[in-house]
Amino acid sequence: MSFLPPLLLAQIRTCAKQLPSPVLDAVINLLIATPARYCDFALKASILKQLPNTNFRRLIGELLETWCREAIYLDSSAIASALATAIYCEVAAKDELSVELVWTGPTSEGIPLRRTEQVLLQLIHEAQREIILVSFAVYKIPEIAKALLTAMKREVTVRIIAETPESSKGKIPFGVSAALGLEIAQQAHIFIWPRNKRLTDSEGRYGSLHVKCAIADRKHLFISSANLTEYALTLNMEMGLLVHGEDIAHQVAEHIDRLIQEEFLVSLNSL
């Protein structure tokens, strides 16, 4: 038998996820300030009486009822400690990984959405060391180009991985220089996926570089359906996810590093 019954653990986690910090702190303080060697119905009534919100009373009431029913052998300090631990873990998990929805196109009332261009500009503006951009197409994005130039002036390393007219065999009619300007093309680290490194089918057809993502400082990862083009950033319906999480962002950046080391991605300047 575990120290805490599963139902009690589940209700402690629910309270930690759904209740505001001041309410949780008040409940913990009451449990500690009024020590009880086992479940005390008078203590339960006293705690619930001090909660102003019906939903708060319901959630804490269910937690205390389960304590009284399934874990009467636990004292109030044990419940307070378990609740405090759950709160800490919940806050730490949110700090380590959070996800935002990103959208370009028609919006619906009541659902907060951030636009693709806004998110890309934020990542570039806030980058301190490195920005990695991966896209099938790159074209006609003056605000993004301006932000990249500003980032490079503060010594942020810029890596761009994209298709070109040569690497895509005409699927893309313009290169990075034409899309972003000569200054960025000369200062940024630009990579392509050479055709001789791509898998082909029995008829000799080969795949495309279809990844669309941005990575800032290996801490923030933006995955999107949008290419780096004017249409994708302003007119199309596009969806993406902005992931704040060092582990996953670093993993993607490390994978790109290894593709470069193993020459699946090749510097445009070396060709």
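- Between Leu43 and Leu31 there is a side-chain heavy-atom pair separated by less than 4.5 Å.
- Asp257 has a carboxylate O that lies under 4.0 Å from a charged side-chain N of Arg159, or vice versa, which qualifies the two as a salt bridge.
- Contact check on Lys17 versus Glu90 returns a salt bridge, with a Lys/Arg side-chain nitrogen under 4.0 Å from an Asp/Glu carboxylate oxygen.
- Remark: Glu65 engages Lys44 in a salt bridge, criterion side-chain N to carboxylate O under 4.0 Å.
- The main-chain N or O of Gln128 is found under 3.5 Å from a side-chain atom of Asp217 such that the two form a donor-acceptor pair.
- A salt bridge links Glu203 with Arg205: at least one charged nitrogen is closer than 4.0 Å to a carboxylate oxygen.
- Panel note: side chain Gln18, backbone Cys15; no donor-acceptor pair is recorded below 3.5 Å.
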(message) Walk me through whether Phe222 and Leu120 qualify under side-chain contact (heavy atoms from CB on, under 4.5 Å).
(response) CA-CA 8 Å; Phe222 177 38; Leu120 282 170; 3.8 Å; yes
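- Under the ring-ring contact (aromatic ring centres under 6.0 Å, His included) criterion, His210 pairs with Phe136, not counting sequence neighbours.
- Residues satisfying the ring-ring contact (aromatic ring centres under 6.0 Å, His included) criterion with Phe56, sequence neighbours excluded, are absent altogether.
- With salt bridges taken as basic N to acidic carboxylate O contacts below 4.0 Å, one links Glu100 and Arg114.
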(message) Checking Arg115 against Glu143 for the salt bridge (charged side-chain N to carboxylate O under 4.0 Å, His left out) test, could you report, in this order, the C-alpha distance in whole Å, the side-chain angles of both residues, the deciding distance, and whether it holds?
(response) CA-CA 14 Å; Arg115 291 181 61 82; Glu143 289 300 315; over 6 Å; no
(message) side-chain contact (heavy atoms from CB on, under 4.5 Å), that's the test. Do Leu265 and Ile161 meet it? Break it down for me.
(response) CA-CA 8 Å; Leu265 298 175; Ile161 303 159; 3.9 Å; yes
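- The backbone N or O of Ala127 lies less than 3.5 Å from a partner atom in the side chain of Arg154, making a donor-acceptor pair.
- Looking at every heavy atom in both residues, Ala147 comes nearest to Ile124 through O-CG2, 3.4 Å.
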